[in-house]
Asks: 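Below: one structure in structure tokens.
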There are 2 protein chains.
Amino acid sequence: MARITGSNGERTALAIRHAALRLIHRHGFAAMSLRDLAAEVGIRPGSLYNHIATKQSLLFDLMHEHMTTLLAETDAALAAAGPAPLDRLRSFIAHHVLYHLERKREVYIANFELRALDAANAARILAMRHDYEARLIGLLEEGAAAGVLATADMRVTAYAMLAMLTGVCTWYKPSGRLDRAAIVALHTDLALDGIRR
Amino acid sequence: MARITGSNGERTALAIRHAALRLIHRHGFAAMSLRDLAAEVGIRPGSLYNHIATKQSLLFDLMHEHMTTLLAETDAALAAAGPAPLDRLRSFIAHHVLYHLERKREVYIANFELRALDAANAARILAMRHDYEARLIGLLEEGAAAGVLATADMRVTAYAMLAMLTGVCTWYKPSGRLDRAAIVALHTDLALDGIRR
DNA sequence: TCGGAAAACAAACGTATGTTCGTTTACGAG
DNA sequence: CTCGTAAACGAACATACGTTTGTTTTCCGA
């Protein structure tokens, strides 16, 4: 055996990334062996190296692509929103929750596998995460300046909101009781007005 | 060399648990080798087995002890609170945040290393987590029944609140800008009333 | 049609892993 | 003081790991 009939580089590379997302999400990066990954894809361990440089770079690429997409889509959502601070904030929240519902694996990995990256790679991902946080903090400041939002500590408030809005991807199952619109609405209400009647 | 002068079983066992908390929190359970752990404690790898049964049982014990303490302390906090639903909820929130500030390593591990447990151990920890969630859901239902809380989906609301309140242990540093009381107050306000003025 | 690049294989590299074993020495109850 | 046990050691076990290598077969542009 050698090169397999019908084999295609791009398709295999995609399958590797997809399988890696599943395995890392389920077992963690350190607990995913390249032998497991190769078996999931249906190739031999050594063949992975036709498509990835190292295990470390595979993880970094997955995280980097996710952060790039998240930032771009967020900016698009904000650009499409109305000018009112509250509308912009609603738009951010809706996009964040929907994105996290649809790509829970990528999100989970980007949030919890930072420690598996080496120092240089971790720094790059962290910088992108700070960019993302800065967008929300900016929206909170806009709202405070316009007088529609409470003016407590912006940074910690943003952290708390992001934690709440991101939490959805730890329990969400597409087959669940609530549909996506309901989940978005519930989280928007919680963030804006809390649980007190 | 053999048994070391001044060696003491209980002290070593404690040092192992403490070092394990640090290493698992920093690198993850799968990425922590027993050789690293032994080096951190200052003994040889094989000597660990005078104090633990297996690596897996070490993780389970750490998580189980944490969940037991959390449940017991939560019940104590609720028992000490006044009878009004809102007071009880405030008490829950305050205790949760303080506990998570003070034991961020244990919390982080209990939340994110579930996948490293084998099936039977994971089921036991999950059951305790459900117990904890049930306490909050109960409080939300009390509040709804009394008419002081909004009556949206109780389970998802509880998940969102817990995600927000737990998030604090991913960024908190004791040397930070805000003291603990301020962090508790900020999270209580956010949970109850949101960010809208 | 043909030749180089792409993509797979089988096999092996050195190292690290969790764990076990037999041995040695200090501690502490009688 | 004595003796069983606790608690450490050094060494080794089998297995698993990420990665490299050389080879083989298929694909595809000129």
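Letters go in sequence order (proteins before strands), and every chain restarts at 1.
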Asks: So, is His51(A) near the phosphate of dA8(C), with a side-chain N or O under 4.0 Å from OP1 or OP2?
Replies: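 It does, given that an N or O in the side chain of His51(A) lies less than 4.0 Å from OP1 or OP2 of dA8(C).
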Asks: Between Gly46(A) and Arg35(B), just flag the one whose closest nucleotide in DNA chain D comes earlier from the 5' side.
Replies: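 Final value for this comparison: Arg35(B).
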Asks: If only side-chain N and O atoms of Thr54(B) are considered, is one of them under 4.0 Å from the OP1 or OP2 phosphate oxygen of dG18(C)?
Replies: no
Asks: Below the 4.0 Å mark, does dA8(C) have OP1 or OP2 next to a side-chain nitrogen or oxygen of Arg44(A)?
Replies: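 Arg44(A) to dA8(C) OP1/OP2: no side-chain N or O under 4.0 Å.
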Asks: Using atom OH of Tyr49(A) as one end and atom C1' of dA11(C) as the other, report the distance to the nearest whole Å.
Replies: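 In whole Å, dA11(C) C1' and Tyr49(A) OH are 15 Å from each other.
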Asks: Measure the NZ-CZ distance between Lys173(B) and Arg177(B) for me, rounded to the nearest 0.5 Å.
Replies: 13.0 Å
Asks: Return yes if the base of dA6(D) and the side-chain atoms of Asn50(B) contain a donor-acceptor N/O pair under 3.5 Å, otherwise no.
Replies: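 For Asn50(B), whose side chain was compared with the base of dA6(D), there is no donor-acceptor pair (under 3.5 Å).
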Asks: In whole angstrom, give the distance that lies between atom CG of Leu34(B) and atom C1' of dT17(C).
Replies: 8 Å
Asks: Would you say Thr12(B) reaches dA7(D)'s phosphate, i.e. side-chain N/O to OP1/OP2 under 4.0 Å?
Replies: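 No, no such contact exists.
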Asks: If the test is side chain to side chain contact (heavy atoms under 4.5 Å, CB included), which one of Met63(B), Glu133(B), His64(B), His66(B) qualifies with Met128(B)?
Replies: His64(B)
Asks: I want to check a possible cation-pi pair here: Lys55(B) against Phe29(B), using under 6.0 Å from ring centre and within 45° of the ring axis as the test.
Replies: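 Because its charged atom sits under 6.0 Å from the ring centre and within 45° of the axis, Lys55(B) does stack over Phe29(B).
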Asks: Specify the separation, in whole Å, of atom CG of Leu37(B) and atom C1' of dA16(C).
Replies: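 My rounded result for the distance is 16 Å.
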Asks: Whole angstrom is fine here: how far is it from CD1 in Ile43(A) over to P in dT26(D)?
Replies: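 One finds 17 Å between P of dT26(D) and CD1 of Ile43(A), rounded.
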Asks: Examine dA16(C): is either OP1 or OP2 under 4.0 Å from a nitrogen or oxygen in the side chain of Ser33(B)? Give yes or no.
Replies: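 Negative; the distance criterion is not met.
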Asks: Tell me the closest heavy-atom pair linking Leu59(B) and Glu113(B), and the distance in Å.
Replies: CD2-O, 4.0 Å
Asks: May I have the distance from Lys55(B) (atom NZ) to dT17(C) (atom P), rounded to whole angstrom?
Replies: 9 Å
Asks: Please check the phosphate of dC9(D) (OP1 and OP2 only) for any side-chain N or O of Ser47(B) closer than 4.0 Å.
Replies: yes
